[in-house]
Protein chains: 2
Amino acid sequence: MRQLDELDEKVLACLTRDARATYAQVGDVVGLSAPAVKRRVDRLLDDGVIKGFTAVIDPDAMQWTTEAYVQVFCRGNISPEVLKEAWEPIPEVVSAATITGQADALLRVRAGDVRHLERALERIRSAGPVDHSESIIVLSQLIDRGHP
Amino acid sequence: MRQLDELDEKVLACLTRDARATYAQVGDVVGLSAPAVKRRVDRLLDDGVIKGFTAVIDPDAMQWTTEAYVQVFCRGNISPEVLKEAWEPIPEVVSAATITGQADALLRVRAGDVRHLERALERIRSAGPVDHSESIIVLSQLIDRGHP
DNA sequence: TGTGAAACTGCAGGGGG
DNA sequence: CCCCCTGCAGTTTCACA
């Protein structure tokens with residue numbers, strides 16, 4: 001993987017702050033011309049440094065107000081790839097990671113209500129070799145940054 | 001807060017998938033003209049449904065490869081606002097939420113290495129009325145969506 | 001729908017390996 | 001000596017009233 005220079009960092013900072021900024025605006029900040037910025041962005045995209053651009057949605061507006069962290073305990077030794085394949089198609093799964101400790105994985109799940117959450121949990125359990133799971137309901141979301 | 005119709009949902013889905021899509025591209029998918037899409041996006045922006053647009057960066061490229069979930073146990077009864085104020089200034093804190101269960105809050109922390117993580121944990125503990133904390137290290141990040 | 005501005009491609013110049 | 005990166009001008013497309 002290529003190493004990022006200082007200009008790349010600045011470009012990333014600009015696009016993280018506003019992904020819909022024009023190349024000219026970015027170039028104005030970092031001190032480059034618009035085509036030069038586009039070249040770098042394209043290269044960052046090709047190299048996979050930038051995985052994409054997305055809109056930050058207010059969860060309350062989507063009325064996906066019920067959120068939970070789910071500790072998953074699996075049967076046997078499972079590869080991370082299998083779990084990723086199993087849970088990737090489930091839209092309620094916001095994030096998933098294998099972890100240290102007693103549980104095998106920790107999932108963050110967002111749903112419309114408790115009933116919706118229950119159905120999502122059922123899908124999560126049936127999608128992979130899950131033994132059992134423990135859910136922790138989120139009371140209030142304090143901080144939620146994309147990737148600072 | 002206004003209720004979103006089906007077209008709004010589609011527009012949000014498009015922009016979530018690619019925040020740099022042109023209005024014409026979005027309109028092509030949802031079956032609207034470009035100006036119509038712009039009007040909806042502007043309204044969604046004004047209503048706070050869309051909080052902004054951001055680039056999704058590969059964490060490995062940023063070399064923030066060490067990640068942990070931290071359960072925080074506090075002294076006494078603490079308001080969510082106090083915790084938010086305490087941890088908001090710490091850049092290593094990606095997300096924070098108050099939760100059900102024995103712990104009071106669950107934080108997601110990203111750092112450059114274990115030493116960096118240790119310093120971040122020290123900041124987290126000293127920033128608020130924290131009794132003690134339990135860290136769960138992430139082995140591999142499987143899924144990480146912004147807000148689907 | 002029209003005007004202005006933005007994005008995208010080819011070409012020439014310059015600095016570093 | 002070669003290659004990569006930058007800046008400039010062409011056309012085409014898009015944004016905004």
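FYI, side chains are in, hydrogens and waters are out, and symmetry mates aren't considered; it's all heavy atoms of this structure. Note on naming: letters A, B, ... go to the chains in the order of the sequence lines (proteins, then strands), and numbering restarts at 1 for each one.
- Among C:dC8, D:dC16, D:dA15, the nucleotide with an atom closest to any side-chain atom of B:Lys38 is D:dC16.
- Ion pair A:Arg115/A:Glu118 flagged as a salt bridge, since at least one NZ, NE, NH1 or NH2 atom sits closer than 4.0 Å to an Asp/Glu carboxylate oxygen.
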Exercise. Could you summarise the pairing of DNA chain D as dot-bracket text, marking Watson-Crick and G-U pairs under 3.5 Å with ( ) or [ ] inside the strand and | across strands?
Key: |||||||||.|||||||
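- Comparing B:Thr22 and A:Leu7 by the nucleotide of DNA chain D that holds the closest heavy atom to each, the one mapping nearer the 5' end is A:Leu7.
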Tabulate atom names and distances for all N/O pairs under 3.5 angstrom spanning the protein and nucleotides 12-17 of chain C.
none

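- Nucleotides D:dT12 and C:dA12 are separated by 23 Å at their C1' atoms, to the nearest Å.
- Looking at B:Ser140 and A:Thr98, their side chains do bring a donor and an acceptor atom within 3.5 Å of each other.
- For the pair B:Gln25 CD and C:dA6 C1', the interatomic distance rounds to 14 Å; values are reported in whole Å.
- What you find for B:Tyr69 and A:Ser95 is that their closest heavy atoms are OH-OG, 3.8 Å.
- Counted by atom type alone, A:Ser133 and A:Arg125 present one or more donor-acceptor pairs between their side chains at under 3.5 Å.
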Practice problem: Please report the C-alpha distance between A:Leu117 and A:Val109 in whole Å, then the side-chain angles of each, then the deciding distance to 0.1 Å, and finally whether the side chain to side chain contact (heavy atoms under 4.5 Å, CB included) criterion is met. | Solution: CA-CA 8 Å; A:Leu117 179 63; A:Val109 180; 3.7 Å; yes
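- Atom pair A:Arg43:CZ and D:dC4:C1' shows a separation of 10 Å (rounding to whole Å applied).
- Heavy-atom minimum distance, B:Ala21 versus A:Arg20: O-NH1, 3.0 Å.
- The pair B:Glu81-B:Lys84 fails the salt-bridge criterion, with no side-chain N (NZ, NE, NH1 or NH2) lying under 4.0 Å from an Asp/Glu carboxylate O.
- For the C1' atoms, the distance from D:dG10 to C:dG14 is 22 Å, rounded to whole Å.
- Using a 4.5 Å cut-off on side-chain heavy atoms (C-beta onward), B:Arg110 and B:Glu67 make contact.
- The aromatic rings of A:His116 and A:Trp64 sit perpendicular, their planes meeting at an angle over 60°, well past the 30° parallel limit.
- In terms of heavy-atom proximity, A:Ala19 sits nearest to A:Phe53 at CB-CD2, 3.7 Å.
- Counting heavy atoms from C-beta on, the side chains of A:Arg40 and A:Asp8 come closer than 4.5 Å.
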Quiz item: How would nucleotides 7-12 of chain D be written as a contact map, 5' to 3', with B for base contact, S for sugar-phosphate-only contact and - for no contact, using protein heavy atoms under 4.0 Å?
Solution: SB----
